[in-house]
Enquirer: 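Following this message is one structure expressed as structure tokens.
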Amino acid sequence: MTEGRPSPKVLAAVALTYMAVGLTTLHPGFLGLDAQLETVVWLGSGLTLAAALRLGPMVLPWIFVAEILTTLLAGDSIGHALGSGFGNLIEGGLALWFMRGMRVSLTLGRVRDVIVLMVMAAGVSALVGAAVSTGSLVVFEGLPTSSFMRIWMLWWLTHANGMLLVTPFLLAAFGNGFVRVRKQPTEAIFLGFMIFAVGVVLFTAQPTDPTVRRLLYVPFPLLLWASFRFRLLGAATANLLLSFPAMVGTALDWGPFAAPETNDALVQLWIFIAVNAVTALLVAGVVEEREREIEARLAAEEERRHLNNKIQRAQRTESLGLLAGGIAHDFNNLLVTIMGNAELAERKLTGDHPAGDSVAEIMRASQRAADLCRQMLAFAGRGRVSNGVVDVGEVASEMSELLSVSFSEGTRLEVEIEDGTPGVWGDVTQLRRVVLNLLTNANDALRGDPGLIRVTSGRLDPADIRGMDLVTDASPRGKDLVHITVEDTGCGMDPEIRDRIFEPFYTTRKMGRGLGLAAVIGIVGAHGGGLELKSVPGEGARFRIILPATKRPIPTRESQIERGVDLVIDGTVLLVEDEPSVREVVAEMLSQTGAKVLLAEDGAQAVEVYRAHGATIDVVLMDLAMPRMNGFEALQVLREISPDVRVILSTGNADEAEEIQDEWNVPVLPKPYRSDELRRVLNQVLMG
């Protein structure tokens with residue numbers, strides 16, 4: 001039986017099963033038994049409740065019809081058949097209402113679930129149903145009213161025991177109860193045989209044997225064993241294996257509860273069955289509940305450990321990020337001086353000057369140092385310096401095509417880009433670097449063996465974000481999200497490596513500094529996004545970059561073509577820079593473009609110069625981090641003096657400049673820069 005809307009075939013099968021069980025109970029001669037089984041148990045009540053819990057209330061009308069037919073075939077009147085049918089319908093409906101209303105689990109895995117089954121279903125529901133059925137005997141079969149209470153009690157107890165015996169067994173059998181049995185089949189078979197054998201020995205003994213009653217609860221340890229080891233299925237099966245010989249033996253006038261025609265003997269049998277069933281089910285429920293509590297506690301501890309590691313990693317990242325950002329800022333100022341002077345010297349050298357190669361080597365070394373600074377700033381989350389609307393699908397496609405030629409032989413590359421994906425607001429160069437790192441990492445994970453690298457990009461529903469897989473500190477902002485996912489079928493990662501791969505300078509490769517993935521975290525975080533990592537040793541890894549989408553349209557290729565850079569700047573530039581060496585070399589670079597240069601050492605002096613010469617100043621090139629008055633404060637004052645003032649911010653740390661660029665529409669010139677980059681930005685501002 002399965003949950004959901006049952007088919008008519010399934011409902012009919014349940015009804016036929018009910019009729020077969022009912023007729024066998026009413027006429028045990030079919031089994032070769034000369035006994036009155038209906039006086040000891042009615043198994044159909046347990047079947048009804050289990051079917052209703054699994055299949056829903058739609059099964060109850062089918063059981064109603066099956067009960068009427070069973071009663072008619074047993075030789076009773078149509079009136080009593082209808083009354084008995086209504087009694088069973090009310091009994092099953094009430095039991096279902098109680099158990100669903102009290103949110104009883106179908107695994108009966110809690111003590112409260114067993115109590116609800118025992119008290120509300122086998123107790124109240126069976127009692128009400130028995131009253132209706134017994135009343136039909138008085139009305140249609142001529143049962144004396146003086147016998148009503150006795151028959152009512154007997155009817156109730158047979159139905160109650162049927163629920164306690166059959167319902168748990170069917171719920172477990174059609175659930176996942178056999179999981180534990182399949183793990184220990186030999187133990188389960190041996191235990192079942194022992195319980196059944198003890199039951200046969202006890203209930204085939206002569207009623208006059210005085211030792212039998214003293215041995216009645218010898219099976220108790222076996223019941224507890226079954227409950228501990230095999231939970232609900234073990235408890236329910238053990239009860240059935242013990243109760244079957246007890247019921248048959250008592251009906252045949254054997255065992256300690258012989259003389260079934262007397263109410264006392266039947267009541268003792270029912271008590272015996274009920275005590276065994278309730279005890280075994282309660283023990284199974286207690287053990288299951290405690291195990292779930294332990295699992296929940298372990299899961300909570302694991303989650304706490306995961307969060308603590310994440311917090312510690314974030315703290316390390318933050319402290320290292322601050323250090324990296326500070327070093328990069330100062331180092332970039334030095335590189336502006338080195339690169340600027342080297343470039344100026346290179347222009348002054350003519351022909352095959354002996355110093356030409358040395359100057360060129362200085363430039364190459366400076367460029368490598370600048371690249372390292374950019375990686376440090378990316379790790380620190382301060383690397384965005386050239387923002388615009390980025391087509392993530394195009395970035396994923398371009399980088400995949402670019403790197404595919406360097407992949408190992410036998411590596412298959414699949415790229416799937418969703419049409420109509422919105423863009424993101426960010427730095428295309430930095431995002432390319434992210435995809436580059438992830439693709440390189442995926443190729444390395446294949447270790448030269450044949451495998452698959454799959455790159456996908458498109459929209460992402462926020463509900464699909466897996467919190468446990470997030471390696472960034474926060475979930476991506478916004479409801480409209482896009483993703484770039486890189487998957488591989490490589491070696492995968494164990495938890496220890498997974499927790500460390502984003503640490504700066506940690507690497508599992510023989511070559512490399514291991515800074516790439518650390519920079520990925522910083523870049524993604526700086527873009528307001530998140531990064532998921534899912535990996536299992538031997539099953540590969542999946543990195544998913546999640547970024548907030550922008551409503552700005554993705555520019556066409558034509559609009560992305562840059563205008564040429566004028567070699568001559570005709571205008572006056574106010575250069576605001578607190579580092580003397582940087583101020584000197586940049587002033588020389590500006591002078592060589594033809595620009596007239598005014599100098600200021602900090603923001604306060606820049607305001608004074610602008611107040612005096614603002615009418616002749618075409619553009620202000622200003623550093624962001626300065627003493628007395630920084631670039632942000634100076635920008636606000638300059639805007640108050642002249643709202644149309646044109647300002648370019650220059651910085652080696654674009655974290656603060658990001659807010660200014662978005663809010664004040666001010667371009668940012670990243671340090672270190674060369675003269676052609678300086679000309680390009682000046683040209684754009686002056687022509688804009």
Side-chain angles (χ1 to χ4, degrees), residues 318-337 339-340 370 373-374 376-387 427 522 525-526 572-587 589-590 597-614 617-673 677-678 681-682 684-685:
E318 182 180 6
S319 59
L320 288 172
L322 292 174
L323 177 62
I327 292 175
H329 175 266
D330 293 337
F331 197 44
N332 277 330
N333 277 332
L334 295 175
L335 286 174
V336 171
T337 303
M339 294 175 66
C373 275
R374 279 193 286 270
M376 293 175 66
L377 286 171
F379 160 67
R382 302 173 180 181
R384 284 194 290 167
V385 293
S386 181
N387 284 337
D427 185 339
T572 301
V573 179
L574 171 58
L575 174 61
V576 188
E577 173 62 59
D578 63 310
E579 290 288 339
S581 59
V582 176
R583 189 169 61 246
E584 181 179 346
V585 71
V586 175
M589 292 165 63
L590 288 169
V597 182
L598 299 177
L599 300 177
E601 297 181 358
D602 53 40
Q605 189 176 11
V607 171
E608 295 175 2
V609 173
Y610 193 82
R611 289 184 188 277
H613 305 282
I617 295 175
D618 296 289
V619 62
V620 179
L621 175 59
M622 182 164 52
D623 188 30
L624 184 62
M626 295 180 295
R628 289 210 298 168
M629 180 183 291
N630 61 35
F632 176 66
E633 295 168 336
L635 173 63
Q636 292 177 308
V637 176
L638 293 178
R639 291 280 185 172
E640 292 175 359
I641 298 173
S642 175
D644 297 328
V645 64
R646 288 178 286 195
V647 177
I648 301 171
L649 287 175
S650 176
T651 178
N653 183 347
D655 192 35
E656 300 92 344
E658 178 69 23
E659 179 183 351
I660 303 171
Q661 180 173 339
D662 290 341
E663 183 176 352
W664 295 82
N665 192 26
V666 177
V668 176
L669 180 63
K671 291 181 179 180
Y673 50 83
E677 295 172 309
L678 176 60
V681 175
L682 286 171
Q684 289 176 348
V685 172

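When reading the values below, keep in mind they use all heavy atoms of this one structure, side chains included, and skip hydrogens, waters and symmetry mates.
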Enquirer: Could you tell me which non-hydrogen atom of A634 sits nearest to which non-hydrogen atom of G603, and how far apart they are?
Expert: CB-CA, 3.8 Å
Enquirer: Scan V647, L669, N630 and name whichever one has a side-chain contact (heavy atoms from CB on, under 4.5 Å) with M622.
Expert: V647
Enquirer: Measure across D623 and S650 and return the closest heavy-atom pair with its distance rounded to 0.1 Å.
Expert: OD1-O, 2.7 Å
Enquirer: Testing the basics here: between V685 and P667, what is the closest heavy-atom pair and its distance to 0.1 Å?
Expert: CG2-CG, 3.8 Å
Enquirer: Yes or no on side chain to side chain contact (heavy atoms under 4.5 Å, CB included) for R611 and V637, after CA distance, side-chain angles and deciding distance?
Expert: CA-CA 10 Å; R611 289 184 188 277; V637 176; 4.2 Å; yes
Enquirer: Would the distance check show the side chain of D618 and the main-chain N or O of T572 forming a donor-acceptor pair, the cut-off being under 3.5 Å?
Expert: yes
Enquirer: Report the distance from atom CE of M626 to atom CZ of F632, rounding to the nearest 0.5 Å.
Expert: 12.5 Å
Enquirer: Taking the side chain as everything from C-beta on, heavy atoms only, tell me whether V620 gets closer than 4.5 Å to R646.
Expert: no
Enquirer: List the residues meeting side chain to side chain contact (heavy atoms under 4.5 Å, CB included) with E601, not counting sequence neighbours, and say none if there are none.
Expert: R583, Q605
Enquirer: Take L682 and L590 through the side chain to side chain contact (heavy atoms under 4.5 Å, CB included) test and state the conclusion after the steps.
Expert: CA-CA 10 Å; L682 286 171; L590 288 169; 3.4 Å; yes
Enquirer: Salt bridge (charged side-chain N to carboxylate O under 4.0 Å, His left out) with D602: which residues, sequence neighbours excluded?
Expert: R628
Enquirer: Measure the CD-CD1 distance between Q636 and I641 for me, rounded to the nearest 0.5 Å.
Expert: 12.5 Å
Enquirer: Using residues 574-581 as the side-chain source, report each donor-acceptor pair under 3.5 Å to any protein atom, sequence neighbours left out, with the distance given to one decimal.
Expert:
from: E577; atom 1: OE1; to: K671; atom 2: NZ; distance (Å): 3.0
from: E577; atom 1: OE2; to: E579; atom 2: N; distance (Å): 3.2
from: S581; atom 1: OG; to: T337; atom 2: OG1; distance (Å): 3.0

Enquirer: Out of curiosity, L678 CG to I648 CD1, how far, rounded to the nearest 0.5 Å?
Expert: 7.5 Å
Enquirer: Please lay out, stage by stage, how R639 and V666 fare under the test side chain to side chain contact (heavy atoms under 4.5 Å, CB included).
Expert: CA-CA 11 Å; R639 291 280 185 172; V666 177; 3.5 Å; yes
